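Below is one structure, written out as structure tokens; the observations come after it.
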Amino acid sequence: MPGGFDVLKERGFIKQCSDEAVVKKLLDAGPVTFYTGFDPTGPSLHVGHMVPLFAMAHLQRAGHRPIALVGGGTACIGDPSGKTEMRKMISVEEIMRNAEFIKKQIARFIDFGADKAIMLNNYDWLSPLNYIEFLRDIGKHFSVNRMLSFETYKMRLETGLSFIEFNYQLLQSYDFLVLSRQYGCFLQLGGDDQWGNIVSGMELIRRVDGKDAQALTFALITRSDGKKMGKTEKGSIFLNPDLTSPYDFYQYWINIPDADVEKFLLIFTFLPPAEVKKLTAAEGAGLNKAKEILAFEITTTVHGEAEAEKARDAAKALFGGGGGELAGMPTVKISQEEMKKGSSAVELFSRTPLCNSKSEARRLISGGGATINDTSVANPETKVIYVDQIPTEKEDNAIYVMGDSVIFRAGKKRYARMIFISSDNSSE
RNA sequence: GGGGAGAUUCCCGAGCGGUCAAAGGGGGCAGACUGUAAAUCUGUUGGCUUACGCCUUCGAAGGUUCAAAUCCUUCUCUCCCCA
């Protein structure tokens, strides 16, 4: 017996629904084909995209069939919903390349085996469209008056909305129509900013085919501290490990505000709600355990268990007082020869990913935030010298290092490892 | 097509021809406090340099001037009002 509506509701996914009773009944009655769209406007999905992905996974587990629609066609237009400015146009080639990356990421959440799910690209049916025909068949069903009344356009009416973006809603509605006809898909899921677009699709289906379709949107996930979800100083947290390392990904979740742990466990993991309750019963520092589970679970889903373990071990090694592996930390290589001569701490820090320039390195050191192997470096004049053994007479302002590698630290949380390569096998 | 406003550093936003690497806010980074939390307070926030200092940056290109983010010309783009 399928279902799934209650799961989504209980876990806090649902924001708006065209008709809760109808959708629940639909999902309870039997396998339902539903769809969610993803815009390939970037080379990777980010944290925000995981909300619909988890929702789709829950529904799939409940026995339904998800369609993951990659918007290769619509991405050429640009969705104005909820945005204040027009996004810059990107080339079709880039969109197609992005689409391929995104497909792989979606596949980590949804099982595409044996007709259990479908992956489509709307470029396939949007690109051959004939303008005149499209206007006659589809465009005539849209009222500009009504479209302008949509909340999604309000913001843009203030700052300007180009005609091309204004058309986005028509294309997305058309997608829904196509999917309803070809795949019997009458339920569309999406972020709450998609509400207007989804509802328009429902209406189009009703007008053209006289059939009922349903809409379900997810609450926009926010952080209690007001920071943008999935954003850090470095930019978005991506699912692509080349853009956001599994270690940084893991750390993002570890550092989440206390108040969000329960919410995130419900949305971004598959742990049963009862267990989530148990985990988050603790207060204060006790919540760190729950955060660790949250981070580990999500990292496992996105990057696989092996990567998650590496990230966790690295974190434990750094913050938990030893016992873990150092893998997963950014690494810089440098020859022992060079190090034996002695190098300035400023120079070395600027070579790691921790600092972008020497000025920045100098600031960091002067500010007291720099550490080499747990030795604080507060003087920008400090030299670092590689030795085979610690000399008895030490130079002033010098730090001696030995062995294979050394850990550089900026502040409390940012680490980099410098590996010393001996000159005779420095072939790399 | 006519008229008006504007383009400044990561973002917003100030900026009498020199004292402007450019106010203020946001954000970021770092320090203190902590639990790898939040809040708060403090410092810092173009690059190179030990430093005097040098270099690049105020939409683009020219010009005036000893001196331009500031003045002039042309260009590009954006927004607003009217048709």
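Note that the coordinates shown come from a computational prediction; the quantities given were computed from them, not determined experimentally. In what follows, chains are A, B, ... by sequence order, proteins preceding strands, each numbered from 1.
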Tell me which nucleotide, if any, is Watson-Crick or G-U wobble paired with [N] when both distances must be under 3.5 Å.
{"N": "B:rA30", "result": "B:rU42"}
{"N": "B:rA60", "result": "B:rU74"}
{"N": "B:rC16", "result": "none"}
{"N": "B:rG1", "result": "B:rC82"}
{"N": "B:rA51", "result": "none"}
{"N": "B:rG35", "result": "none"}
{"N": "B:rA23", "result": "none"}

Using the [atom1] atom on both, measure [N] against [M] and round to a whole Å.
{"N": "B:rC77", "M": "B:rG59", "atom1": "C1'", "value": "8 Å"}
{"N": "B:rU74", "M": "B:rU70", "atom1": "P", "value": "16 Å"}
{"N": "B:rC29", "M": "B:rC10", "atom1": "C1'", "value": "13 Å"}
{"N": "B:rG27", "M": "B:rA38", "atom1": "P", "value": "13 Å"}
{"N": "B:rA23", "M": "B:rG47", "atom1": "P", "value": "15 Å"}
{"N": "B:rU56", "M": "B:rA68", "atom1": "P", "value": "13 Å"}
{"N": "B:rU76", "M": "B:rG24", "atom1": "P", "value": "37 Å"}
{"N": "B:rU8", "M": "B:rG13", "atom1": "P", "value": "8 Å"}

Quick one: do [X] and [Y] make a salt bridge, cutoff under 4.0 Å?
{"X": "A:R146", "Y": "A:E203", "value": "yes"}
{"X": "A:D260", "Y": "A:K263", "value": "yes"}
{"X": "A:E338", "Y": "A:R351", "value": "yes"}

Quiz item: Checking only heavy atoms, does the side chain of A:K412 share a donor-acceptor pair with the base of B:rU34 at less than 3.5 Å?
Solution: yes
Practice problem: Return yes if the base of B:rU45 and the side-chain atoms of A:E360 contain a donor-acceptor N/O pair under 3.5 Å, otherwise no. | Solution: no
Nucleotide of [options] approaching [X] most closely (side-chain heavy atoms):
{"X": "A:K291", "options": "B:rA37, B:rU45, B:rU36", "result": "B:rA37"}
{"X": "A:R362", "options": "B:rU49, B:rG35, B:rA37", "result": "B:rU49"}
{"X": "A:N288", "options": "B:rU36, B:rG35, B:rG47", "result": "B:rG35"}
{"X": "A:D258", "options": "B:rU50, B:rA37, B:rG47", "result": "B:rA37"}

Self-check item: Candidate list A:L239, A:I237, A:V302, A:V47, test side chain to side chain contact (heavy atoms under 4.5 Å, CB included), partner A:T244, passing option
Solution: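 The side chain to side chain contact (heavy atoms under 4.5 Å, CB included) with A:T244 is passed solely by A:I237 among A:L239, A:I237, A:V302, A:V47.
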Does [X] reach a base, just sugar-phosphate, or nothing at all? Heavy atoms under 4.0 Å.
{"X": "A:I254", "result": "base"}
{"X": "A:R409", "result": "nothing"}
{"X": "A:A259", "result": "nothing"}
{"X": "A:K358", "result": "sugar-phosphate"}

Nucleotide [N], atom [atom2] - distance to [atom1] of [X] in whole Å:
{"X": "A:L354", "N": "B:rA30", "atom1": "CG", "atom2": "P", "value": "9 Å"}
{"X": "A:K289", "N": "B:rA37", "atom1": "NZ", "atom2": "P", "value": "18 Å"}
{"X": "A:N356", "N": "B:rG28", "atom1": "CG", "atom2": "P", "value": "16 Å"}
{"X": "A:I365", "N": "B:rU45", "atom1": "CD1", "atom2": "P", "value": "16 Å"}
{"X": "A:N379", "N": "B:rA30", "atom1": "CG", "atom2": "P", "value": "20 Å"}
{"X": "A:F408", "N": "B:rC29", "atom1": "CZ", "atom2": "P", "value": "21 Å"}
{"X": "A:L287", "N": "B:rU36", "atom1": "CG", "atom2": "P", "value": "13 Å"}
{"X": "A:Y415", "N": "B:rA30", "atom1": "OH", "atom2": "P", "value": "12 Å"}

Self-check item: Side-chain N,O (A:R414) to OP1/OP2 (B:rA30) below 4.0 Å
Solution: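 A:R414 to B:rA30 OP1/OP2: side-chain N or O found under 4.0 Å.
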Quiz item: Does a side-chain N or O from A:S359 land closer than 4.0 Å to OP1 or OP2 of B:rC48, or not?
Solution: yes
Quiz item: Quick check: are there more than 12 heavy atoms from other residues, nucleotides or ligands sitting under 6.0 Å from OH of A:Y123?
Solution: no
Self-check item: Aromatic ring proximity A:F134/A:Y174, centre distance under 6.0 Å
Solution: yes
Quiz item: Is there a donor-acceptor contact under 3.5 Å linking the side chains of A:Q105 and A:N240?
Solution: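 Per modelled atom types, A:Q105 and A:N240 side chains form no pair under 3.5 Å.
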Self-check item: Earlier contact from the 5' end, RNA chain B, for A:Y250 and A:A370
Solution: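 Result: A:A370.
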Quiz item: Considering heavy-atom distances to RNA chain B, does A:R363 or A:V346 have its closest nucleotide positioned more toward the 5' end?
Solution: A:R363
Quiz item: Does NZ or CZ of A:R61 lie under 6.0 Å from the centre of the six-membered ring of A:F270, at an angle within 45° of the ring axis?
Solution: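 Yes, A:R61 sits over the ring of A:F270.
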